[in-house]
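First the structure, in the form of structure tokens, and then the observations on it.
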Amino acid sequence: MQLDQLGTFSRTHRNGDLRLDHAGETVRLLGWARKVRDMGSLIFLDLRDRWGIVQLRLDTSDADPALVEKARAVRSEFVLGAEGVVIERESKNPNLPTGAIEVKLSKLLILNTAATPPIPVEDHEGQGANEDLRLKYRFLDLRRASLQRNLILRSQIANVTRNHFLEHEFIEFETPILTKSTPEGARDYLVPSRVHPHEFFALPQSPQLFKQLLQVSGFERYIQICRCFRDEDLRADRQPEFTQIDIEMSFVRQEDVQGVIEPLMEKVSKLVGREVKGPFPRLPYAHAMEWYGSDKPDVRYDLKLQDVTATFATSTFNLFRAAADSKGQRRVRAIWVPGEAAGVYSRKQLDELQEVAKQLGGGGLPYAKWGKDGLSSSFKKFLEGDAEAQLKAALGATGEGLAVFAVGTDPQTSKILGELRQRLARTFGLVDESKFAFLWVVDFPLLEWSEEAERFVACHHPFTSPHPEDMDLLETDPGKCRAVAYDLVLNGYEVGGGSIRIHDAQTQGRMFRALGIGEEEARAKFGFLLDALAFGAPPMGGLALGLDRLAMLMAGADNIREVIAFPKTAQARCLMTDAPSEVDARQLKELHLLQEKPQTYKVGAVFFESAEGHNPELRGQAFQQLGLTQRQTQGLVTLDNQGTILDAQTLSGPTFEF
RNA sequence: GGGGUUGUAGCUCAGUCGGUUAGAGUGACGGCCUGUCACGCCGUAGGUCGCGGGUUCGAGCCCCGUCAGCCCCGCCA
């Protein structure tokens with residue numbers, strides 16, 4: 001097909017902006033053909049651009065036949081320029097912002113054709129291609145209105161964020177992408193150095209240390225919207241590269257950091273028409289785990305975990321009584337869901353819940369259910385006499401409803417009941433989807449014991465300040481020591497986390513000792529930080545927000561791929577570019593990653609890279625030296641003016657011997 | 001590393017107990033249509049049932065392996 005040139009044609013309006021007020025105006029538009037509806041002597045054509053859709057109309061009875069032919073040739077996703085007069089429609093479409101008008105086509109440019117799209121570009125409820133195809137043809141997927149909306153929203157969030165912090169005198173920085181591998185934390189993505197054989201850069205897991213050093217430099221307030229990299233397995237809300245809104249402040253307490261974040265969350269929520277108001281509730285980590293079984297509880301609904309251990313102190317139900325006998329090592333915890341619907345929860349549904357509990361490491365799922373016919377329970381025979389009434393009293397159960405139980409150590413029961421709490425809330429419609437329930441989870445533990453490393457590891461990172469009241473526990477009972485660390489939680493997602501940092505070398509030394517990091521090791525790994533702390537580091541703290549998760553929650557998506565232009569699969573692949581991929585052996589050699597033994601190849605065709613290869617005599621010598629016999633491989637040879645072979649490689653990579 | 005789940009026409013899916021020629025909707029292509037807007041009507045083409053092996057007289061269906069997507073556990077300072 002003969003394509004039209006754009007030439008001097010330019011748009012006078014955005015497609016989505018045209019209204020009845022424009023009637024009578026001649027407009028020029030650009031965009032993609034969404035759909036051609038050919039009624040015979042009347043042709044309708046929807047033109048789509050970033051701002052919306054407008055209908056073009058062509059009456060074949062009074063139009064130039066060439067124009068009619070051209071309009072009929074248009075297919076979905078052709079790129080068009082259109083000129084015409086805006087007219088009021090005979091039959092209006094109330095579902096379209098531009099539905100009152102249409103453009104009477106007088107000129108049509110076909111700027112490009114399009115192959116039939118392998119995935120639908122139209123957004124329709126409950127339809128759409130499988131995600132592998134969507135990712136392969138991401139550039140088409142991104143034409144869909146919902147993804148355009150999400151990515152535009154993401155841009156707005158970033159913009160609001162930047163403005164917010166610049167208004168508060170933050171300074172935007174860029175920190176290195178090629179940086180130093182750090183021993184603590186996630187697995188690093190490594191980048192081999194060509195210049196320094198067998199040495200590696202790491203991509204930053206976060207700019208943590210750089211932002212602290214900028215405080216030491218006296219900038220006082222740092223902001224960066226930065227890419228971070230962690231070579232760990234993915235989830236629906238986790239990608240190997242992701243974006244943080246990263247801030248750091250000097251001379252601040254926890255409340256000061258929270259105080260600049262809360263108004264930002266108010267502004268960001270407003271972008272999607274939600275009102276939230278700071279200050280957000282503060283919930284100590286210990287309470288979060290006790291009441292919600294999670295360090296990022298969804299508090300849009302009021303279900304809480306309860307301790308019913310004492311109820312079974314004299315029970316004949318050995319499983320539960322053993323917990324009561326364990327002096328707090330193990331506990332019986334429960335969730336009580338009141339209501340008729342919960343009281344008639346079916347055997348099949350309970351089996352499904354039990355399956356969930358088992359997958360999370362539970363032995364089973366003890367339950368007690370009070371319906372119209374009274375009690376039904378997996379341990380009913382142990383609930384005779386007063387026991388049933390005691391259990392109801394302990395649960396605070398008055399009418400019909402369902403209780404599920406878990407027994408074990410606190411981490412075990414929290415994990416199971418924390419998950420069941422969410423499922424039960426969804427099942428019984430307790431979640432108010434219109435709500436944004438922000439809260440701060442505070443007073444995280446500083447350290448936790450790692451069975452794998454056989455030492456304490458930092459819960460947050462090794463530069464987190466111990467809670468001032470717990471400072472001495474660092475040596476006496478490290479596991480009990482709280483940190484001045486805080487997470488921002490929204491609707492059951494951790495959207496941010498931060499801490500007040502250690503700013504003196506002495507405390508940092510105590511922290512490293514608690515982590516089992518010796519002085520020498522600390523010097524080798526974090527020498528620059530220790531130096532910085534020795535030269536007048538101010539008290540400081542900060543926080544990082546996950547932009548992807550924040551955008552996901554604002555967009556109402558359940559997956560961060562929906563707010564990332566070019567995301568990776570759960571196996572950390574890009575289906576569009578096919579990354580990661582193999583590289584030439586030559587590249588690997590340059591990076592000193594391919595250690596090859598010299599090999600002898602018998603060379604068939606030889607190409608000479610240097611000018612000396614033109615000399616038949618020198619070439620002959622080289623052939624002799626290479627022992628040229630059979631046609632087995634192709635070689636690339638560099639000679640000097642004496643005919644000495646400087647370099648000889650097969651075209652496929654490995655060096656051959658000469 | 002482990003568990004679950006999905007893979008059939010360009011796309012979304014159905015396919016019964018293992019049994020004749022693998023279907024539907026949608027899209028594509030062609031034709032008709034003056035008020036469509038997920039247009040409508042008529043017609044046509046379109047299949048490596050992810051891939052490899054096995055069981056069987058016979059496999060889209062059963063078994064083993066493998067690849068890929070998604071979800072979860074581990075992991076993610």
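In the text below, chain A, chain B and the rest are named by the order of the sequence lines, each starting its count at 1.
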May I have the distance from [X] (atom [atom1]) to [N] (atom [atom2]), rounded to whole angstrom?
X: K136(A); N: G10(B); atom1: NZ; atom2: P; result: 13 Å
X: L234(A); N: G74(B); atom1: CG; atom2: P; result: 15 Å
X: L135(A); N: U6(B); atom1: CG; atom2: P; result: 20 Å
X: F242(A); N: C76(B); atom1: CZ; atom2: C1'; result: 9 Å
X: R230(A); N: G74(B); atom1: CZ; atom2: P; result: 17 Å
X: E232(A); N: C73(B); atom1: CD; atom2: P; result: 14 Å

Residue list, ring pair (Phe, Tyr, Trp, His ring centres under 6.0 Å) with [X], at least two apart or on another chain:
X: W449(A); value: F456(A)
X: F463(A); value: H461(A), F526(A)
X: H467(A); value: none

Spell out protein contact along nucleotides 31-41 of chain B as letters: B when the base is contacted, S when just the sugar-phosphate is, - when no protein heavy atom is under 4.0 Å; keep the 5' to 3' order.
-> --BBBBBBB--
Would you kindly compare N559(A) and E448(A) by the position of their nearest RNA chain B nucleotide and give the one closer to the 5′ end?
-> N559(A)
For K568(A) and for P462(A), find the nucleotide of RNA chain B with the closest heavy atom, then tell me which residue's nucleotide is more 5'.
-> K568(A)
Any luck finding a side-chain donor-acceptor pair between D504(A) and T507(A) under 3.5 Å?
-> yes
Using atom C1' of each nucleotide, how far apart are C70(B) and A9(B) to the nearest Å?
-> 23 Å
Using the P atom as the reference point in each nucleotide, state the distance between G4(B) and C64(B) in Å, no decimals.
-> 12 Å
Go through the N and O atoms of the side chain of R235(A) and the base of G74(B), and report whether any donor-acceptor pair is under 3.5 Å.
-> yes
Does D233(A) make a side-chain donor-acceptor contact with the base of G74(B), cut-off 3.5 Å?
-> yes
Go through the structure and list residues passing salt bridge (charged side-chain N to carboxylate O under 4.0 Å, His left out) with E433(A), not counting sequence neighbours.
-> R300(A)
Out of A28(B), C75(B), U12(B), whichever nucleotide has its closest atom nearest the side chain of T116(A) = A28(B)
Name the nucleic acid region contacted by [X], choosing base, sugar-phosphate or nothing; use a 4.0 angstrom heavy-atom cut-off, strictly under.
X: L133(A); answer: sugar-phosphate
X: S206(A); answer: base
X: R561(A); answer: sugar-phosphate
X: P118(A); answer: sugar-phosphate

Partner nucleotide, any strand, of [N] [Watson-Crick/G-U, under 3.5 Å]:
N: C75(B); result: none
N: G23(B); result: C13(B)
N: U55(B); result: none
N: G40(B); result: C32(B)
N: U5(B); result: G69(B)

S146(A)/R144(A) under side chain to side chain donor-acceptor pair (under 3.5 Å): CA gap, chis, key distance, verdict = CA-CA 6 Å; S146(A) 57; R144(A) 288 166 47 232; 3.3 Å; yes
Could you pull out all residues at least two apart from Q422(A) that satisfy side chain to side chain contact (heavy atoms under 4.5 Å, CB included)?
-> Y301(A), R426(A)
Across all chains, not counting sequence neighbours, the side chain to side chain contact (heavy atoms under 4.5 Å, CB included) partners of A514(A) are L447(A), L474(A)
Mind checking side-chain hydrogen bond (donor to acceptor under 3.5 Å, both in side chains) for D246(A) and listing every partner two or more places apart, or none if nothing turns up?
-> K211(A), Y222(A)
Output, in order, the C-alpha distance, side-chain angles, deciding distance and verdict of side chain to side chain donor-acceptor pair (under 3.5 Å) for S414(A) and R333(A).
-> CA-CA 9 Å; S414(A) 289; R333(A) 299 167 78 191; 2.8 Å; yes
Does E519(A) CD have over 12 foreign heavy atoms under 6.0 Å away?
-> no
Please list, by residue number, the residues of residues 479-500 of chain A whose heavy atoms come closer than 4.0 Å to an atom of RNA chain B; answer none if no residue qualifies.
-> none
Of residues 67-82 of chain A, the positions that come close to RNA chain B - non-hydrogen atoms, cut-off under 4.0 Å | R75(A), S76(A)
If every non-hydrogen atom of D188(A) is compared with every non-hydrogen atom of S181(A), which pair is closest and at what distance?
-> OD2-OG, 2.5 Å
Between the protein and nucleotides 66-68 of chain B, list every N/O to N/O distance that falls short of 3.5 Å.
none

Can you run down the salt bridge (Lys or Arg N to Asp or Glu O under 4.0 Å) pairs that involve residues 30-46 of chain A, sequence neighbours left out, and say none if there aren't any?
-> R34(A)-D46(A), R34(A)-E122(A), R37(A)-D46(A), D38(A)-R72(A)
Does C11(B) have OP1 or OP2 sitting under 4.0 Å from an N or O in the side chain of N130(A)?
-> no
